[in-house]
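Take a look at the structure below.
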Number of protein chains: 2
Amino acid sequence: MKDPKTDYLTCPIRHVIGKFGDKWSLLVLYSLHTSESGVLRFNELRKHMNDCSQKMLSATLKNLERLSLIHREVYPVVPPKVEYSLTQTGLSLMPSITSLIEWAQKHFKEVIPKDVIID
Amino acid sequence: MKDPKTDYLTCPIRHVIGKFGDKWSLLVLYSLHTSESGVLRFNELRKHMNDCSQKMLSATLKNLERLSLIHREVYPVVPPKVEYSLTQTGLSLMPSITSLIEWAQKHFKEVIPKDVIID
DNA sequence: TATGGTAGTTACCAAAAAGTAGGAATTGAG
DNA sequence: CTCAATTCCTACTTTTTGGTAACTACCATA
């Protein structure tokens, strides 16, 4: 008789999905990883994810920082300047993520995306 | 000036997240992959994911079948018997997924899961 | 005084995801 | 005729997610 809550706590898959399986987290990590300097500012990130709202980007960054996957460096200047970068932990995650992305690039040409409505 | 819709269609990350970044898909794939025979029935899968409702499991399986990641074999017997297994495409995805899972197993001990409330 | 630029936050609202409870279909066994 | 077993489906409700628009704060510059 497993307790769902306990089960959740011990299931690595649900940890992964639950923590950064949302709409924007992987895109943030990927953007940081592929940027030349490895560092991006708030509005630079927004340009990389061109239809992400300020609110969602802000929430996503806050979450990733909480998980120690990204680092947030604030420069006390005017106008404000904040730089985001991957932490060591975040960096260690990237091979797995790029593996997933490469798979998608190879195989989703084969898979019929029936859920995409062309209007 | 990128069109968000077009952008969505060409972004592999959003493909991945959008198609099987939901709460249960990875768990289904993983369960099938780690089962001895490589084949599981509906209620066997439910036992592997002990707090997934019938509705959600059913919807998840239908989605994965639509994406050609799993195969659904129906035996016309009474009571009904349906077996699910990975397709070749599904199987080709597993290294990337297990990579992610292994990362989670290693690193989420380090990460403080502040969103988990112990009551 | 007014404007601009950066990095957000907040309130409000709509849409999507997911849980619950019940029904449906099948047909051999009793 | 009824029940049981298995695999779902449907209607209903709740929860979560995400979008929009407006707002803050800072100070330098015009």
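Residue numbers start from 1 in every chain, and the chains themselves are labelled A, B, ... in the order their sequence lines are given, proteins ahead of strands.
Across the protein-nucleic acid pair, L61(B) atom CG and dT7(D) atom C1' stand 11 Å apart, rounded to whole Å. Rounded to a whole Å, the CD1 atom of I17(A) is 11 Å from the P atom of dA18(C). Rounded to an integer number of Å, the gap from K81(A) NZ to dG8(C) C1' is 17 Å. A straight line from CG of D51(A) to C1' of dG19(D) spans 11 Å, rounded to a whole angstrom. Nucleotide dA4(D) holds its C1' atom 14 Å from the CG atom of N43(B), rounded to whole Å. Taking atom OH of Y75(A) as the reference point, atom C1' of dT6(C) lies 15 Å away to the nearest angstrom. One atom, CE of M56(B), and another, C1' of dT15(D), lie 13 Å apart when rounded to the nearest Å. If you measure from atom CZ of F42(A) to atom C1' of dG5(C), you get 14 Å, rounded to the nearest angstrom.
Among the nucleotides dG5(C), dC12(C), dG8(C), the one closest to any side-chain atom of K55(A) is dC12(C). Proximity note for W24(A) (side chain, C-beta onward) versus dC26(D), dG8(C), dG19(D): the nearest is dG19(D). When distances are taken from the side chain of P79(A) to each of dG18(D), dG5(C), dT10(D), the shortest belongs to dG5(C). When each of dG8(C), dT10(D), dC26(D) is scored by its nearest atom to the side-chain atoms of Q54(A), the top-ranked nucleotide is dG8(C).
As judged by a 4.0 angstrom heavy-atom cut-off over every strand, S53(A) is placed among the base-contacting residues. Y84(A) comes within 4.0 angstrom of the backbone, heavy atoms only, and of no base. Residue contacts for K23(A): at a heavy-atom cut-off of 4.0 Å it reaches the sugar-phosphate backbone alone, with no base atom in range. Using a 4.0 Å heavy-atom distance criterion, R46(A) is classed as making no nucleic acid contact.
The phosphate of dC8(D) (OP1 or OP2) has no side-chain N or O of R41(B) nearer than 4.0 angstrom.
Between Y84(A) and F42(A), the ring planes are tilted. Angles from 30° to 60° get that label.
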Going through the distances and angles, do K23(A) and D51(A) end up as a salt bridge (charged side-chain N to carboxylate O under 4.0 Å, His left out)? CA-CA 11 Å; K23(A) 201 171 172 183; D51(A) 54 341; over 6 Å; no
Using side chain to side chain contact (heavy atoms under 4.5 Å, CB included), reason through L45(A) and L61(A) one step at a time and then give a plain yes or no. CA-CA 10 Å; L45(A) 277 166; L61(A) 291 168; 3.8 Å; yes
Apply side chain to side chain contact (heavy atoms under 4.5 Å, CB included) to L86(B) and L69(B), showing your working. CA-CA 6 Å; L86(B) 290 175; L69(B) 294 176; 5.9 Å; no
What verdict does the salt bridge (charged side-chain N to carboxylate O under 4.0 Å, His left out) test give for E83(B) and K81(B), after you've listed the backbone C-alpha separation in whole Å, the side-chain angles of each residue and the deciding distance to 0.1 Å? CA-CA 7 Å; E83(B) 287 184 342; K81(B) 176 176 170 178; 3.8 Å; yes
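Both P80(A) and K62(A) lie near DNA chain C, and the one whose nearest nucleotide falls closer to the 5' end is P80(A).
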